[in-house]
2 protein chains.
Amino acid sequence: MAATFAKLQSNRWPALLDAAAALFAERGYHATTIRDVAQAAGVTPGALYFHVPTKQALLIAVYAEGVDRIIRHVDASIGAEIDPSLRFRRAIKAHLEAILDTSAFARVIVRVLPDDVPEAAAELRAQRDRYEMRFRALIAALDLPPGRSPTLLRMLLMGALNATPIWYRPSSGRLDAIVDEFVASFGAGMTGAGPEPQRRSKR
Amino acid sequence: MAATFAKLQSNRWPALLDAAAALFAERGYHATTIRDVAQAAGVTPGALYFHVPTKQALLIAVYAEGVDRIIRHVDASIGAEIDPSLRFRRAIKAHLEAILDTSAFARVIVRVLPDDVPEAAAELRAQRDRYEMRFRALIAALDLPPGRSPTLLRMLLMGALNATPIWYRPSSGRLDAIVDEFVASFGAGMTGAGPEPQRRSKR
DNA sequence: GAGCTAACTGAACGATCGATTAGCATCAGA
DNA sequence: TCTGATGCTAATCGATCGTTCAGTTAGCTC
């Protein structure tokens with residue numbers, strides 16, 4: 001047990017995961033080689049296979065860690081807020097923070113699509129779903145205008161959110177302006193509570 | 001000249017483009033090999049290099065053809081309609097038709113991202129922009145609520161639109177229901193004109 | 001029917017990929 | 001001091017990749 005602790009402290013598994021996440025996020029899965037990951041982590045390719053059996057398993061491990069991290073970040077950002085529309089807004093902002101700034105792990109999830117790796121697609125989809133269910137609950141708590149489908153709204157929202165890394169540059173302006181635009185598109189018409197201060201006064 | 005005509009009629013370049021588009025759309029760029037394309041078109045790998053110098057050039061050719069086709073489809077769908085909000089709606093529907101049903105070429109554009117092929121990224125982005133300018137004009141003609149950014153709205157819209165192939169299944173219901181959801185998110189608050197007939201009466 | 005060219009075949013090239021293997025160093029526990 | 005994991009290195013494997021190329025075929029021209 002002490003040995004296990006020492007092992008977890010000393011070995012290079014976390015560094016390997018970090019290196020893999022950074023490369024998968026930047027270049028995608030196919031364009032990243034085992035040698036790239038090993039070199040970035042400062043080990044030989046063989047060492048990598050001591051920790052993980054295949055390249056696909058490495059991707060799955062990164063994916064799982066990424067989902068864990070983004071869930072933690074979103075949950076922490078929502079905090080104890082109880083107003084559904086404010087919870088929704090905070091979740092959107094936290095999601096954008098995670099994939100635009102914070103974490104290469106989160107960026108892997110939106111960059112590497114399940115279909116890119118057919119053999120691991122089912123597992124990757126399951127990991128994604130684990131996260132998207134957070135938004136399912138958030139949207140279900142909203143008081144949507146009649147006629148809007150919570151499911152379709154979630155699909156459109158996730159699509160728009162996950163495309164942001166393609167066009168977003170830190171110089172694009174304050175993140176809050178982008179969050180406002182998301183709320184204007186996907187949170188408009190909610191009756192749950194008064195929205196954030198700066199909207200509602202608008203038309 | 002007669003020879004040129006006969007050549008254009010008989011050679012396999014269109015068939016090669018079709019095969020490449022189908023495979024790129026289904027598996028992505030990296031997972032599709034030259035041999036896959038050649039086999040699907042019924043030729044040997046060497047024959048492919050008679051028509052195109054590199055795999056990247058093949059992708060660019062498919063991309064360009066895809067942009068041509070989706071622009072033609074969207075323009076044809078808008079037709080002579082002059083109401084800005086109806087033009088907007090028709091363009092959304094035409095875009096979805098193109099990437100969900102009609103054309104493997106259009107699906108390649110939303111499936112293979114410029115960043116997936118760094119050496120061809122600039123060219124691919126130029127092709128994409130050629131199409132997205134259509135939506136820039138459509139949105140500029142809308143009468144948006146104050147405070148909404150036409151540029152951000154376009155980014156969010158394109159992201160949500162281009163993510164549909166990931167989750168859409170023909171059994172997901174009528175396409176019009178999805179178009180309604182897009183208009184509710186991105187076309188709401190327009191003052192340009194009364195909306196299309198079949199909504200408004202629906203609840 | 002000789003000559004030419006577009007279009008293609010069949011086979012192979014070098015490079016690189018994911019993965020494997022034999023062996024070495026380190027160190028805790030007995 | 002020995003033992004046996006643990007964690008790694010160095011070298012390499014077979015497979016597959018994009019690409020090349022010498023030669024073949026079909027159809028045209030003169």
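Heavy-atom basis, side chains included; hydrogens, waters and symmetry copies ignored. Chain identifiers are assigned alphabetically (A, B, ...) following the order of the sequence lines, protein sequences preceding nucleic acid strands; residue numbering begins at 1 within each chain.
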Summary of protein contacts for nucleotides 9-20 of chain C, nucleotide by nucleotide, where a base hit scores B, a sugar-phosphate-only hit scores S (4.0 Å, heavy atoms): BB-B----BBBB
Partner residues of D18(B) under the side chain to side chain contact (heavy atoms under 4.5 Å, CB included) criterion, sequence neighbours left out: R69(B), F105(B)
Check ion pair D129(A)-R136(A) (N to O, under 4.0 angstrom): no
Length of the line joining F50(A):CZ and dC8(D):C1', which is rounded to integer Å: 8 Å
Whether H30(A) and H30(B) hold their rings parallel, tilted or perpendicular, with breakpoints at 30° and 60°: parallel
Cationic N near anionic O, under 4.0 Å, R87(B) to D75(B): no
D176(A) and R89(A) ion-paired at < 4.0 Å: yes
N or O in side chain of H51(B) less than 4.0 angstrom from dC8(C) OP1/OP2: yes
